[in-house]
Student: 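One structure follows; several queries about it will come next.
In what follows, every chain begins at residue 1, and chains take the letters A, B, ... in the order their sequences are listed. In this text, all values refer to a predicted model and were calculated from it rather than measured experimentally.
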Number of protein chains: 2
Amino acid sequence: MAQRIQNLRRAQTSASMAQALTLSGRRWALRVVWELRVGPLNFRALQAACGDISPSVLQRRLNELRDHQIIEKIPRLGYRLSTSGEKLFQVLAQLDKWSAGLPDDAQ
Amino acid sequence: MAQRIQNLRRAQTSASMAQALTLSGRRWALRVVWELRVGPLNFRALQAACGDISPSVLQRRLNELRDHQIIEKIPRLGYRLSTSGEKLFQVLAQLDKWSAGLPDDAQ
DNA sequence: CTTCCTGCTATCAATAGAGTAGCGATGAGC
DNA sequence: GCTCATCGCTACTCTATTGATAGCAGGAAG
């Protein structure tokens with residue numbers, strides 16, 4: 001049966017990957033990481049960089065990213081990537097390269 | 001002014017990257033791509049693989065991913081990654097590696 | 001003091017997603 | 001032909017997430 005064959009072929013998605021995919025499935029989450037790539041940004045600058053995202057959502061994303069230790073808050077400059085966040089940025093750099101090769105009219 | 005310095009430092013996010021980030025900010029979008037990594041899956045198998053995601057959302061994601069030519073529908077087997085989708089999978093493989101190094105209790 | 005900018009919160013409307021039921025098509029077995 | 005199971009997918013309702021706007025408290029500067 002085709003169904004059974006497919007199940008046999010399937011490698012399970014790890015819990016950590018499922019979590020990462022859930023995190024990145026939250027709106028603006030990866031965009032925030034991406035915008036922090038060149039250095040720390042404060043709240044309003046980050047908001048502007050994301051195209052005037054609403055502050056309530058931004059605040060939620062920042063808290064989530066901090067919970068995951070992807071970003072950290074620093075006294076006067078706002079938010080910056082943590083070590084782990086820098087590594088995530090490397091992944092996003094790959095995504096950037098990928099996106100450049102897409103048909104740009106599709107939506 | 002700190003704000004001005006930050007703006008000068010900032011490299012703009014490309015339109016294609018913004019689009020890619022928007023796409024991946026939709027719930028289950030990347031998960032679907034990930035689940036298709038080992039081969040084609042039909043609708044219900046895909047639904048099950050994503051942890052019984054509701055069919056209405058899955059249908060929307062599938063249409064969106066098809067619009068972006070990341071997946072394609074094939075007559076009897078369901079859905080599979082396109083060439084572009086395979087490349088996106090390579091990026092997700094990096095994300096998988098990244099996620100394995102995270103604290104797994106954070107949420 | 002006033003004025004500005006800051007991070008952030010409160011509130012409410014709009015949208016997206018989850019959950020469930022079920023329809024029409026297709027294929028297998030009889 | 002029939003039944004029966006499975007398929008892709010849609011319709012519907014309800015809940016959760018996000019968007020938009022206003023504005024507050026705190027700090028710095030004048």
Student: When you check the phosphate oxygens OP1 and OP2 of C/dA16, does a side-chain N or O of B/R61 lie under 4.0 Å from one of them?
Tutor: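 Looking at the OP1 and OP2 atoms of C/dA16, neither is under 4.0 Å from any side-chain N or O of B/R61.
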
Student: Using atom CG of B/L41 as one end and atom C1' of D/dC7 as the other, report the distance to the nearest whole Å.
Tutor: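 That distance rounds to 14 Å.
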
Student: So, under a plain 3.5 Å distance rule, would you say the side chain of B/S56 forms a donor-acceptor pair with the base of C/dG19?
Tutor: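 It does, because a donor-acceptor pair links the side chain of B/S56 to the base of C/dG19 below 3.5 Å.
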
Student: Are any of the side-chain heavy atoms of A/L62 and A/F43 separated by less than 4.5 Å?
Tutor: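 Yes. Closest side-chain heavy atoms under 4.5 Å.
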
Student: Find the distance B/L58:CG to C/dA16:P and express it as a whole number of Å.
Tutor: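 Result: 17 Å.
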
Student: Between C/dC23 atom P and B/F43 atom CZ, what is the distance in whole Å?
Tutor: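 Value for this atom pair: 17 Å.
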
Student: Please figure out whether A/R60 or A/R27 has its closest DNA chain C nucleotide nearer the 5' end.
Tutor: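 Counting from the 5' end, the first nearest nucleotide belongs to A/R60.
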
Student: Side chain of B/R44, heavy atoms from C-beta onward: which of C/dC8, D/dG8, C/dT20 has the nearest atom to it?
Tutor: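 Nearest to the side-chain atoms of B/R44, counting from C-beta on, is D/dG8.
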
Student: Would you indicate which nucleotide in C/dA18, D/dG19, D/dT21 comes nearest to any side-chain atom of A/V57?
Tutor: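 Of C/dA18, D/dG19, D/dT21, D/dG19 is nearest to the side chain of A/V57.
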
Student: Compare the minimum distances between each of C/dT6, D/dG8, C/dA21 and the side chain of A/N42, then state the nucleotide with the smallest one.
Tutor: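 Given the options C/dT6, D/dG8, C/dA21, the side chain of A/N42 is closest to C/dT6.
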
Student: Report yes if at least one side-chain N or O of B/W28 is closer than 4.0 Å to OP1 or OP2 of C/dA18; otherwise report no.
Tutor: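 B/W28 to C/dA18 OP1/OP2: side-chain N or O found under 4.0 Å.
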
Student: Are B/R31 and B/E35 within salt-bridge range, i.e. N to O under 4.0 Å?
Tutor: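 Judged by the 4.0 Å cut-off on N to carboxylate O distance, B/R31 and B/E35 do form a salt bridge.
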
Student: Are the charged groups of B/E72 and B/R66 less than 4.0 angstrom apart, N to O?
Tutor: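 No, B/E72 and B/R66 are not salt-bridged.
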
Student: May I have the distance from B/I74 (atom CD1) to D/dC7 (atom P), rounded to whole angstrom?
Tutor: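 Rounded to the whole Å, the gap is 16 Å.
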
Student: Let me know the distance between CD of B/Q47 and P of C/dT20, rounded to the nearest Å.
Tutor: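 Distance, rounded to whole Å: 12 Å.
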
Student: Between B/Y79 and D/dC7, is there a contact of a side-chain N or O with OP1 or OP2 at under 4.0 Å?
Tutor: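 No.
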
Student: With rounding to the nearest 0.5 angstrom, report the CD1 to OH distance, B/I71 to B/Y79.
Tutor: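 Answer rounded to 0.5 Å: 6.5 Å.
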
Student: Kindly say if B/R76 contacts the phosphate of C/dG27, meaning a side-chain N or O under 4.0 Å from OP1 or OP2.
Tutor: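 Answer yes for this pair, as a side-chain N or O of B/R76 is under 4.0 Å from OP1 or OP2.
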
Student: Whole-Å distance between D/dC9 P and B/L46 CG?
Tutor: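 Result: 11 Å.
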
Student: Given D/dC7, is OP1 or OP2 found less than 4.0 Å from the side-chain N or O atoms of B/K73?
Tutor: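 So the side-chain polar atoms of B/K73 never come under 4.0 Å of the phosphate oxygens OP1 or OP2 of D/dC7.
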
Student: Of all the choices, C/dT9, D/dC9, D/dG19, which nucleotide is nearest to the side chain of A/Q59 once you look at every atom?
Tutor: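 The listed nucleotide nearest to A/Q59's side chain is C/dT9.
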
Student: Is the shortest heavy-atom distance from the side chain of B/R26 to the side chain of B/R61 under 4.5 Å?
Tutor: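 In contact.
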
Student: Send over the distance from B/R26 CZ to D/dT18 P, rounded to a whole Å.
Tutor: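 Distance check: B/R26 CZ to D/dT18 P gives 12 Å.
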
Student: How many Å lie between CG on B/N63 and P on D/dG8, as a whole number?
Tutor: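 B/N63 atom CG is separated from D/dG8 atom P by 14 Å.
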
